[in-house]
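Below you'll find the structure, written out as structure tokens, and then a few comments.
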Amino acid sequence: MPTENKTTNLHLNSWVGTDKPKRTDFVADNEILDQVIGNHLENFTMHVSEEDRALFEQPFVIGVLGGNGNATCKHTLPINPSCIFVCLKNAPFVEYDSTNGYTICNGGFVTTSDGGGTAGIKMFLNTVTLSQSTIASSGRFLNLNKNGGQYFYIAFK
């Protein structure tokens with residue numbers, strides 16, 4: 001028979017030495033546990049932080065940036081990304097100009113965790129700075145802010 005003593009939260013039987021539990025008491029307690037634990041496990045909002053929830057809702061942003069031909073150009077993004085990839089539309093990420101003997105960098109990436117990335121791109125908070133060369137230097141020509149160039153980007157939270 002069920003006991004008069006119950007647990008505080010789930011109101012399960014909390015027998016004392018003189019109680020005489022029956023099988024039905026255990027079955028009733030198991031049904032309570034199954035329902036409570038089952039509901040808890042199915043409640044994903046309870047187990048996810050606000051930061052994680054924001055990542056699930058929109059973990060990245062895709063867009064287009066326009067080049068203006070200046071040595072550098074700053075663009076403000078709608079998020080503070082942890083990593084961003086940028087590449088000139090209709091061009092390979094990197095190509096080699098065999099006539100002039102240098103590499104043309106049409107794309108780049110940068111991370112905020114350590115500031116690491118490729119030449120020609122920098123990021124601070126939600127601002128990305130892209131660079132454009134006028135002449136090749138150290139065997140490379142930065143082509144990340146070509147006048148009239150369209151640059152696709154994907155920025156990850």
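Annotation: the span from H11 atom NE2 to N9 atom CG amounts to 7.5 Å, rounded to 0.5 Å. Taken to the nearest 0.5 Å, the CE atom of M123 stands 8.0 Å off from the CG atom of L77.
With hydrophobic clusters built from ILVMFWY side chains whose heavy atoms lie under 4.5 angstrom apart, L142 does not share a cluster with V94. Cluster membership check: F152 does not share its hydrophobic cluster with F109, using side-chain heavy-atom separations under 4.5 Å among Ile, Leu, Val, Met, Phe, Trp and Tyr. Put simply, F141 and Y151 are part of two different groups of oily side chains (I, L, V, M, F, W, Y) that touch within less than 4.5 Å, one to the next.
Between C83 and T111, the shortest heavy-atom contact is SG-CG2, 4.0 Å. Residue F93 comes nearest to G108 through the heavy atom pair CZ-N, 3.2 Å, listed as atom of the first residue, atom of the second, then distance. In terms of heavy atoms, W15 sits closest to D25 at CZ2-CB, 3.6 Å. Of all heavy-atom pairs spanning T112 and P81, the tightest one is CG2-O, 3.2 Å. In terms of heavy-atom proximity, G149 sits nearest to L88 at CA-CD1, 4.0 Å.
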* **Verdict with reasoning, N13 to T3, per side-chain hydrogen bond (donor to acceptor under 3.5 Å, both in side chains)** => CA-CA 6 Å; N13 289 299; T3 183; 5.8 Å; no
* **Trace of the side-chain contact (heavy atoms from CB on, under 4.5 Å) decision for I154 with I84** => CA-CA 6 Å; I154 183 166; I84 182 170; over 6 Å; no
* Show your working on side-chain contact (heavy atoms from CB on, under 4.5 Å) between S14 and K6 and close with a plain yes or no. => CA-CA 5 Å; S14 182; K6 302 290 181 182; 5.9 Å; no
* Verdict with reasoning, F85 to F156, per side-chain contact (heavy atoms from CB on, under 4.5 Å) -> CA-CA 9 Å; F85 290 86; F156 297 92; 4.0 Å; yes
* Asked: Taking it one step at a time, do L12 and I32 satisfy side-chain contact (heavy atoms from CB on, under 4.5 Å)?
  -> CA-CA 8 Å; L12 302 173; I32 292 170; 3.8 Å; yes
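The local environment of OH in Y96 is crowded, with over 12 non-hydrogen atoms from other residues, nucleotides or ligands closer than 6.0 Å.
Within the structure, side-chain hydrogen bond (donor to acceptor under 3.5 Å, both in side chains) pairs that include any residue of residues 117-133 comprise Q132-N143 (at least two apart or interchain).
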Side-chain donor-acceptor pairs of residues 65-76 under 3.5 Å, sequence neighbours excluded:
unit_1, atom_1, unit_2, atom_2, d
N68, OD1, N70, N, 2.9
N68, OD1, N145, ND2, 2.6

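Listed by chain and residue number, T99, N100, Y102, I104 satisfy the side-chain contact (heavy atoms from CB on, under 4.5 Å) test with D97 (two or more places apart in sequence, or in another chain).
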